[in-house]
S.K.: 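The structure is given below, and queries will be raised subsequently.
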Amino acid sequence: MTRPLPSGGQDQPAGTQPLASRRERVKVARKWAYLVSSTTYLPLSHDRIEQELLGLLDRLLDAVTGDQPATEAAAEVGAELVRLHCVGKTSLQCTVDVLAAALLSPMDSRSADRLPERVARLLGALASGYVEAIRAETAEQRDTSDQALLNAVRESQREWRTSEAQLDAIFLGSPSGIAVTRPDGEFVRTNPALHRILDRASSEVADGNLFEFVHETDRRLLQDGYRDLRDGKIDRLRSRPRFVTKDGDLSQATLTASLLRGSHGYVTIVADDAELTLLQNQLRHQLLHDMLTGLPNRQFFSTHLEHVLHLPNPATLYHVDLDGLSLVTDGLGRQAGDGLLRIAADRLRSAVAGENAMVARFECDKFGILIEKSANTPDIVTMIERINEALSEPVYIDGKGLAVTANFGVVEDLPRDVEPAELLRSADLAMRRAKSKGPGRWERYDPVWDGRARETIGLVATMPGAWENGELGIGYEPLIRLADGEIAGVEARLRWEHPELGLLPRERYLELAERTALIGALGAWLVKRGWTDKAAGGGADLPLLVPLTPNQLADPRLTGTIREMLGSAAPAPDRLWLGLPAGALLVAGHEIVDNASMLADLGIGVVLHDFGATPGELALVDDLPVHAVRLDSRLVWHSVDDDSIVLAGTRNMIALVRQAGVTVLAGDLETSAQARWWQRAGVELGTGPLYTGDEGPVTDIGSLIGGGRAGPAQGRRASPS
């Protein structure tokens, strides 16, 4: 421990000790720290080293001023230097040099003649303490190392004994026969399983020879194999000799032998083929059956389906999906769900018990049924009613009455030229179509719908790759002010230029993409890319409308992207409009509505898309800070030649919305007559094929803003007439 300076840091009177000035002591300590630090690595900061050495210097100054130098204190200082890791090759020499020069400053004439002697004794004691501390530390390290080595040896011996015990347990408990033999086949050690396979007691095998238990016709071939193993011609011997039991019967076995390294013996493993066959059958059953219900699994069912396709009789494939099982599992626990699954499986089997049928469990709550038709096989409707009637009968689990129904996808009169996997996929797609219509429904395989569904699902599956390679991009449409034809803004939409299918309709892939994780990232990217393109294309002052889905609005990346954009040099938040589907907001959770309100608080314009005249949608205008509404396309497509109740109601709705200070936009305008009618009805902005032509949205926003588009809009004007 360093000794503290005198109270208040006051200098002691000159003439009482060398280095009476604190400034002088600090200079010596700083020099000392610098020199010692250059001799070795010190695990302390430089300021901390200076403070430590200053304390040691004070202790030495106290020790040298007495009538007799305090050598014990000097020895403690030497030991303290070792504790501070000042143990470089020249650390002690640097210390002695610095301290000798500092301590040999004469105090007064009366004691100057004795000072060298006191300093020499003091430095000698310091060096002695330093060396003794190093010796003690070295001895301690050596003792620690020796103890660690001893512990390692003991642990190694313990692990060796444990391993030996484990190997011995494996040897004795193995279901396969194991024998260690000499080169001539004499047994050195055998296990109980080998005695059982040879049908001999251990005493009958102990002094025996492996080859004497092998049938004579197989003996020479087996001996040749062991000889090849000994000569290094093969690494491992595999053979299937016949062994002779005590009663003279023959027992087929599988034998594997290896040469024992470091000796001239062999280790031989003998497996009884009868037990192996039984085990293989058990494993095969487990691989081909569901463990919970005992039904065949998808692999077994697919193999059976392939077999049935080669038979002359027609067959029908049912893909069955249980309704409500997840509610049972989530509400009552996994055990109740498993119990209901087992009962459902039994009832499915019972429902088709009189048919040449196979019932299989695919996964979770999905099953497959394959029925080979006969003269008495009921039609599809009757069969499905029979199955649903059986499933819907309540069953009591833990005192609670539970029941399920099912949706069915059916492929009737299975075509013979289609792969089983494709038939299963078709049945699954038909089941999905039935499930979308409600519980307890069924649908037949529809090749047209099936092809369209497969294509759509395939598009969604390939969306990440399409985004990566640039197929997914952005297109822009003008927002036209109907009063004068001026371009009042730009709408950014996702655009997919498919290499085979061409430009795809946005609604086709966004509906399913809503269920994937990619949709959120696409929303944030669409906003950022559109904002950047608009600024680069010379349209910084024009509003940018970006239509979003509910999941895109809920994605946290969107808020981060917008905040980053607004943190730029020219944020202009009112130039960014986000379009949200009104119908989705009516059923959305608080999170999405709160996100819309938060973005509006930042100055972002909120635009309600697909806006109709329902009271709920009008209430959204009051509840949310809405900037504009975009009329439902079904209203815009309504014939403007008819003075219908719908259009009259729409006029009134537009008047109410505009009274609230909300802009009204009509999309999907196709003719000038439509544009004029909606302008008179109070619509201020319009967009659609009338202004984009046959080419649709453009990828170059600069050409759109600059007037490079042909059609009704020339330059920056698009006359509604």
Side-chain angles (χ1 to χ4, degrees), residues 156-289 291 297 299-300 303 307:
S156 177
Q157 291 174 341
R158 186 189 66 80
E159 291 180 355
W160 178 79
R161 287 192 296 270
T162 301
S163 298
E164 189 176 46
Q166 291 174 342
L167 289 174
D168 196 56
I170 293 172
F171 183 86
L172 295 175
S174 172
S176 298
I178 303 177
V180 178
T181 64
R182 295 186 176 90
D184 58 0
E186 291 184 7
F187 290 125
V188 175
R189 190 181 183 190
T190 57
N191 72 340
L194 183 64
H195 308 155
R196 177 176 49 78
I197 293 172
L198 298 180
D199 192 28
R200 301 294 198 286
S202 58
S203 57
E204 297 177 277
V205 176
D207 298 325
N209 186 293
L210 173 67
F211 300 117
E212 72 183 53
F213 296 100
V214 177
H215 190 268
E216 57 183 358
T217 57
D218 299 337
R219 190 176 303 158
R220 176 59 62 86
L221 182 63
L222 187 62
Q223 289 173 330
D224 291 342
Y226 274 89
R227 191 176 301 109
D228 291 340
L229 187 63
R230 181 199 63 193
D231 296 340
K233 295 180 180 180
I234 55 175
D235 295 328
R236 182 175 288 113
L237 171 63
R238 293 182 177 86
S239 180
R240 297 188 72 247
R242 290 169 296 174
F243 287 91
V244 181
T245 66
K246 191 173 184 178
D247 296 333
D249 296 329
L250 297 181
S251 172
Q252 188 86 47
T254 299
L255 180 149
T256 305
S258 299
L259 190 66
L260 280 174
R261 302 301 177 187
S263 70
H264 298 290
Y266 305 93
V267 59
T268 301
I269 299 176
V270 181
D272 188 347
D273 279 3
E275 292 190 1
L276 183 60
T277 300
L278 178 62
L279 179 61
Q280 287 175 340
N281 290 337
Q282 292 174 345
L283 291 175
R284 185 180 296 107
H285 184 272
Q286 292 176 5
L287 287 173
L288 297 177
H289 289 76
M291 298 298 293
N297 59 16
Q299 181 181 350
F300 192 0
T303 303
H307 169 72

S.K.: Please report the interatomic distance CG(Leu210) to CG(Leu255), rounded to the nearest 0.5 Å.
M.R.: 6.5 Å

S.K.: Taking only residues two or more places apart in sequence or in another chain, which ones pass salt bridge (charged side-chain N to carboxylate O under 4.0 Å, His left out) with Arg182?
M.R.: Glu186

S.K.: Measure the spacing between CD1 of Ile197 and CD1 of Ile178 and express it to the nearest 0.5 Å.
M.R.: 10.0 Å

S.K.: Minimum heavy-atom separation for Ala193 and Ser176, please, with both atom names.
M.R.: CB-O, 3.4 Å

S.K.: May I ask you to test the Asp207-Phe187 pair for a side-chain heavy-atom distance under 4.5 Å?
M.R.: no

S.K.: Are Phe213 and Asp199 side-chain neighbours, meaning at least one heavy-atom pair lies under 4.5 Å?
M.R.: no

S.K.: Can any side-chain N or O of Gln252 pair as donor or acceptor with the backbone N or O of Arg240 at less than 3.5 Å?
M.R.: yes

S.K.: Just to verify, what does Asp184 make a salt bridge (charged side-chain N to carboxylate O under 4.0 Å, His left out) with, not counting sequence neighbours?
M.R.: none

S.K.: Is it the case that over 12 heavy atoms from other parts of the model lie below 6.0 angstrom from the CG atom of Asp235?
M.R.: no

S.K.: Might you point out which heavy atoms bring Ser258 and Arg236 nearest each other, and give the distance in Å?
M.R.: OG-NE, 3.5 Å

S.K.: Output all residues satisfying side-chain hydrogen bond (donor to acceptor under 3.5 Å, both in side chains) with Ser251, sequence neighbours left out; order by chain, then residue number.
M.R.: none

S.K.: Mind checking what makes side-chain contact (heavy atoms from CB on, under 4.5 Å) contact with Ser203, not counting sequence neighbours?
M.R.: Ala201

S.K.: Work out which heavy atom in Leu237 is nearest to a heavy atom in Leu229; give both atom names and the distance.
M.R.: N-CD1, 4.2 Å

S.K.: Partners of Arg220 by salt bridge (charged side-chain N to carboxylate O under 4.0 Å, His left out), sequence neighbours excluded?
M.R.: none

S.K.: Does the side chain of Arg200 come within less than 4.5 Å of His195's, by heavy atoms?
M.R.: no

S.K.: CZ/Arg189 to CG/Leu194 distance, rounded to the nearest 0.5 angstrom?
M.R.: 12.5 Å

S.K.: What I'd like to find out is whether the side chain of Gln223 reaches to under 4.5 Å of the side chain of Val214, using heavy atoms alone.
M.R.: no

S.K.: Looking only at atom types and distance, does a side-chain atom of Asp272 sit under 3.5 Å from a main-chain N or O of Pro175, one as donor and one as acceptor?
M.R.: no

S.K.: Please check: side-chain N/O of Tyr266 versus main-chain N/O of Tyr226, any donor-acceptor pairing under 3.5 Å?
M.R.: yes

S.K.: Just jot down the salt bridge (charged side-chain N to carboxylate O under 4.0 Å, His left out) partners of Glu212, sequence neighbours excluded, or say none.
M.R.: none

S.K.: Is it true that a side-chain atom of Asp228 and a backbone atom of Ile234 form a donor plus acceptor pair closer than 3.5 Å?
M.R.: no

S.K.: Determine yes or no for a side-chain-to-main-chain donor-acceptor pair under 3.5 angstrom, with Asn209 supplying the side chain and Phe211 the backbone.
M.R.: yes

S.K.: Any side-chain heavy atom of Leu250 within less than 4.5 Å of one from Val244?
M.R.: yes

S.K.: Would a 4.5 Å heavy-atom cut-off, applied to side chains only, mark Ser174 and Asn191 as touching?
M.R.: yes

S.K.: Quick check: closest heavy atoms across Val205 and Leu198, and the distance to 0.1 Å?
M.R.: CG2-CD1, 4.4 Å

S.K.: Let me confirm one number: the OG1-CG distance from Thr217 to Leu222, rounded to the nearest 0.5 Å.
M.R.: 11.5 Å

S.K.: Measuring from atom CG of Leu260 to atom OG1 of Thr181, what distance do you get when rounded to the nearest 0.5 angstrom?
M.R.: 8.0 Å

